[in-house]
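The structure appears below as structure tokens.
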Amino acid sequence: MATSRARPAKSTKRLGELLLDAGVIGETQLTEALEEQKRTGKRLAQIFIERGLLAKGEAGRWLALQQGYEYVNLTSEPIDVNIAQLLSEPFVRRLMALPIRQEGKDLVVAMADPSDILAIDEVARATGLRVQTVFTTETDLEWAIEQLFENVGKRVSKAASQAASLVDVIEFGEGSANGNGNGNGNVNGDGLEDGVLVLGNEQSAPVIQMVDSILSGAIASRTTDIHLEPHLKNARVRFRIDGMLYDKASIPRLMYAAVVSRVKILSSLDIAEHSKPQDGRITMRVRDHEFDVRVGITSTAFGERVVMRLLDKSNILLGLDRLGIPSHQEEIIQALIRKPHGMILVTGPTGSGKTTTLYAGLQSVNDPALNIITIEDPVEYYLEGISQIPVRPRAGVTFATGLRSILRQDPDVVMVGEIRDAETAKISVQAALTGHLVFSTLHTNDSAGSVVRLVDMGIEPYFITSSLIASIGQRLMRRLCPKCKQPLDLTKDLMTELDLPADHASPIYKPVGCQECDHTGYRGRLCVMEIFRMNDNIRDLVLAHKPATMLRDAAIDSGMITIQQAAKSRVLDGTTSIEELRRVIYIEE
């Protein structure tokens, strides 16, 4: 990429002639130096230095003048460690090109041959920045590389080992890089293969190894979200596993900015931007699994905070029978999703598994005879045989505009990732009224609250009673680890809390923790839900503008099992714990 700084004019004279004209050396000294060069093959500048005719810094300046480049003395020039670590050590040594600082969108790179266009292009592709070259001597460059990568490696070794220790057994993706760009599968020195990050390059720079270790450790421990959080003395690494956050490692404060820069490069973000929030994504391969990593970065008092959400793109999605719900609830849902038209909503707070339930429902109805189309933000998993449209606000594709377009595609089943506004709500209801089966989600605390929410969005009650088939309220609870769970002594208070009879004999279990569950006491999650179905009695209440509490009571009278009842039953059958019941279920009966 073109440099933005005006370069000094390149001299037409050779180094010896420049020094001779300037009176730095005499003709005899030049002749003797040239003769030694013919005998030994040494560089002329090195001969002048060895003979004491030039100081090392002086030689560098004269060479830079001769070639028409700015000279930097790396032994005294301040080097931005975070910028230097953007490239791996093998990458830097191979090209003899070291990033030393950033000036706006320009990356200043010190090179022994600053005219090497191929090397400049490689650095530009690896960093995504415009490259501006300056001249330095090979000796200075070797010294700087040794100092930077050896010392930095020592400083980050503890954090890297902490992150790496998270992985016990994991095989990394196709063709680990060999550090010189010739790894199998066309992997470069930074572990990138055709736009896909392949983990496991042991020859990478410490910062790159650290990021790779964090990502691979997260995958090995079934992590859904990685949090990198800067604080006063260091930055902590936390993994969200089965819905809960756990401390996993710490990163030295000195190296944290370089780690964030590495994440930015992988997710195609601006490494020069530190104040505005940024969002990106990384495609990553481990074994035969390809992961989509959604990256969000925002500025805090101590630096930039990073959250990475991991989605296994090659994961086989769960069917309704794998959600962990009782068979009678599964049968109800199977009957609901096979209605010819109408609207089915899944409700609950963020992280309650609403999208997973919708995907499971779509898989159950997926049939070549049906035209199924979705509009999602984002498309989390790709479903074979289903047309999926991602929301793209910049291109004018919102839930509302995308849904309008879908209705012109002759669909049988439509999934709207989320009903967020009145316009999307009205179009969804209209679609349900005109012969389409519509799946969607709403952020409400319980299933009956979905009716009130739709009314608040401007939907007339008679449209709701005609279109809404059912609303499913749900939560996710952690499963007790089957390897280490132990029976809990039932006290009188616990018996009262769970409303158990005095003669209750079945054991209730508590979490303990073992190697199998990473000492958390839990492994995996299950869904607990309530299914609010529209009937004549509830329709009358909706048309009469009755509150959600009355709608909920009417549903219970009609046989609805509440989330609280569903959750308690999973405690009583030993699947989860009383602690999980208290943590997840907070709605009063």
Side-chain angles (χ1 to χ4, degrees), residues 159-173 191 196-200 208-230 235-251 256 259-260 262-263 266-267 279-298 305-318 322 324 350-353 355-356 359 378 380-381 476-481 483 511 513-527 580 583-584:
S161 65
Q162 282 180 299
S165 69
L166 301 171
V167 191
D168 291 324
V169 180
I170 188 164
E171 296 175 4
F172 299 116
V196 177
L197 173 64
V198 181
L199 301 181
I208 296 175
Q209 289 185 41
M210 183 187 296
V211 174
D212 284 5
S213 295
I214 290 170
L215 289 169
S216 55
I219 291 168
S221 58
R222 303 174 293 105
T223 296
T224 55
D225 299 87
I226 303 169
H227 291 238
L228 307 182
E229 304 166 358
R236 67 175 175 174
V237 179
R238 295 201 291 172
F239 290 175
R240 188 177 293 279
I241 303 170
D242 294 333
M244 300 293 287
L245 282 170
Y246 298 93
D247 284 334
K248 288 295 179 179
S250 64
I251 301 172
Y256 183 66
V259 169
V260 175
R262 172 64 177 166
V263 173
L266 293 176
S267 47
D279 296 304
R281 64 197 315 155
I282 304 167
T283 298
M284 181 174 67
R285 186 178 301 137
V286 177
R287 290 184 180 177
D288 58 346
H289 286 255
E290 194 167 297
F291 290 83
D292 190 36
V293 184
R294 299 209 304 266
V295 179
I297 301 178
T298 190
R305 192 181 193 280
V306 180
V307 174
M308 293 179 276
R309 170 157 289 186
L310 279 66
L311 300 170
D312 187 350
K313 294 167 68 175
S314 53
N315 187 42
I316 300 175
L317 294 173
L318 300 177
R322 300 288 301 280
T350 300
S352 58
T355 302
T356 301
Y359 277 167
E380 294 193 3
Y381 295 102
L476 292 178
M477 301 180 75
R478 292 182 293 170
R479 292 178 183 268
L480 283 166
C481 174
K483 294 285 186 181
C514 63
Q515 188 173 356
E516 189 76 17
C517 60
D518 200 16
H519 302 284
T520 64
Y522 298 92
R523 185 170 180 84
R525 290 191 286 180
L526 59 91
C527 183
E580 273 296 279
R583 182 182 71 85
V584 175

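The first residue in the sequence is number 1, and the count goes up from there. The figures that follow rest on heavy atoms only: side chains count, while hydrogens, waters and symmetry mates do not.
- Under the 4.5 Å side-chain criterion, counting only non-hydrogen atoms from C-beta, Asp212 is not in contact with Ile214.
- Applying the side chain to side chain donor-acceptor pair (under 3.5 Å) rule to Arg281 yields the partners Asp292; only residues at least two apart in sequence or on another chain are considered.
- Looking at every heavy atom in both residues, Val584 comes nearest to Leu476 through CG2-O, 3.6 Å.
- Other residues, nucleotides and ligands contribute over 12 non-hydrogen atoms within 6.0 Å of the CZ atom of Arg238.
- Closest approach of Ile226 to Ala218, counting heavy atoms only: CD1-CB, 3.5 Å.
- At a cut-off of 3.5 Å, with distance as the only test, a side-chain donor of His227 or Arg305 sits close to an acceptor on the other residue.
- Annotation: side chain of Arg583 is in contact with side chain of Met244 (closest heavy-atom distance under 4.5 Å).
- Distance check, rounded to the nearest 0.5 Å: CG of Asp247 to CZ of Arg236 gives 5.0 Å.
- Applying the salt bridge (charged side-chain N to carboxylate O under 4.0 Å, His left out) test to Arg479 and every residue at least two apart in sequence or in another chain returns nothing.
- Listed for the Thr223 side chain is no donor-acceptor partner under 3.5 Å among the backbone atoms of Asp225.
- Partner of Phe291 under the side-chain contact (heavy atoms from CB on, under 4.5 Å) criterion, out of Leu311, Ile219, Leu215: Ile219 alone.
- With salt bridges taken as basic N to acidic carboxylate O contacts below 4.0 Å, none links Asp242 and Arg478.
- Closest heavy-atom contact between Gly524 and Arg222: N-NH1, 3.6 Å.
- The backbone N or O of Gly280 sits nowhere less than 3.5 Å from a side-chain atom of Ser267 that would complete a donor-acceptor pair.
- You'll find the side chain of Leu228 reaches within 4.5 Å of the side chain of Val259, heavy atoms only.
- In this structure a side-chain-to-backbone donor-acceptor pair under 3.5 Å is missing from Arg294 to Met308.
- For Thr224, the side chain to side chain contact (heavy atoms under 4.5 Å, CB included) partners at least two apart in sequence or on another chain are Arg240.
- Side-chain atoms of Ser221 come within 3.5 Å of backbone N or O of Gly217 as a donor-acceptor pair.
- Summarising the geometry of Arg525 relative to Gly351, their closest heavy-atom pair is NH1-O, 4.2 Å, with the distance given to 0.1 Å.
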